[in-house]
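Basis for what follows: all heavy atoms, side chains included, without hydrogens, waters or symmetry-related copies. Numbers restart at 1 for each chain; the letters A, B, ... are given by sequence-line order, proteins then strands.
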Amino acid sequence: MKLFIGSLPYNITETELTDIFSGYGNVVSAKLIIDHFSGRPKGFGFVEMETRSEGHKAMEDLNGKEYKHRRLVCNEAKMQKKKGSRRR
DNA sequence: TATGAGCGG
């Protein structure tokens, strides 16, 4: 499950995100979005969990959780890398 | 280099 992480500090790394989310489950992949053109980090990133349960658990727990003196924002990523997302 | 609402490659 992909998760959208916002309000991330500019001094954070993918390793940090991986470590934080790995505490709730197995982190498949972690990506931080940095604008290389403006040299300005977007301040958010994406984290993919192996299961939806772990993703939701980490999302609800990390959403609104204080980290680096900042309020983290966690939501499900809207962008789907692969089609076939089952929805109802 | 700094800053702060936002879904990347």
Can you give the donor-acceptor pairs under 3.5 Å from side chains of residues 20-32 of chain A to other protein atoms, not counting sequence neighbours?
residue : atom : partner : partner atom : Å
A:S22   : OG   : A:T18   : O            : 2.8
A:S22   : OG   : A:D19   : O            : 2.6
A:Y24   : OH   : A:D61   : OD2          : 2.3
A:N26   : ND2  : A:E50   : OE1          : 3.0

Residue closer to the 5' end of DNA chain B, A:P41 versus A:G6 (nearest nucleotide):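 Nearest-nucleotide comparison on DNA chain B picks A:P41.
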Which residue lies more 5' along DNA chain B, comparing A:P9 with A:N75 via nearest heavy atoms: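 It is A:P9 whose nearest nucleotide is closer to the 5' end.
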Could you check how far [atom1] of [X] sits from [atom2] of [N], rounded to whole Å?
{"X": "A:K78", "N": "B:dA5", "atom1": "NZ", "atom2": "P", "answer": "16 Å"}
{"X": "A:R71", "N": "B:dG6", "atom1": "CZ", "atom2": "C1'", "answer": "18 Å"}
{"X": "A:K42", "N": "B:dA2", "atom1": "NZ", "atom2": "C1'", "answer": "15 Å"}
{"X": "A:I33", "N": "B:dG9", "atom1": "CD1", "atom2": "C1'", "answer": "8 Å"}
{"X": "A:L32", "N": "B:dG4", "atom1": "CG", "atom2": "P", "answer": "20 Å"}
{"X": "A:E48", "N": "B:dG8", "atom1": "CD", "atom2": "C1'", "answer": "12 Å"}
{"X": "A:D35", "N": "B:dT1", "atom1": "CG", "atom2": "P", "answer": "13 Å"}
{"X": "A:L72", "N": "B:dG4", "atom1": "CG", "atom2": "C1'", "answer": "13 Å"}

A:Y10 over B:dT3, stacked by centroid distance under 5.5 Å, angle under 30°: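 Stacking is present between B:dT3 and A:Y10, given that their ring centres fall under 5.5 Å apart and the planes under 30°.
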Whether A:F44 stacks on the six-membered ring of B:dA5 base, 5.5 Å and 30° limits: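 Given the distance and angle limits, no, they do not stack.
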Co-membership, hydrophobic cluster, residues A:Y67 and A:I5, 4.5 Å side-chain: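 As far as the 4.5 Å side-chain criterion goes, A:I5 and A:Y67 are connected within one cluster.
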Any donor-acceptor N/O pair, A:R71 side chain to A:G64 backbone, under 3.5 Å: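 Confirmed, A:R71 side chain pairs with A:G64 backbone.
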Side-chain donor/acceptor of A:K2 to base of B:dG8, under 3.5 Å: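 Yes.
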Of the listed nucleotides B:dT3, B:dC7, B:dG6, the one nearest the side chain of A:R40: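 The closest nucleotide is B:dT3.
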Sugar-phosphate only, base, or nothing, as touched by A:I34 at under 4.0 Å among non-hydrogen atoms: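 Nothing, no heavy atom under 4.0 Å.
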Non-hydrogen side-chain atoms of A:E54 and A:M1 separated by less than 4.5 Å: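 No. Closest side-chain heavy atoms not under 4.5 Å.
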Note, A:L8 side chain near A:L17 side chain (heavy atom, < 4.5 Å):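 When only atoms from C-beta onward are counted, A:L17 and A:L8 do touch, with a gap below 4.5 Å.
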B:dG6: syn or anti, per glycosidic angle within 90° of 0: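 B:dG6: syn.
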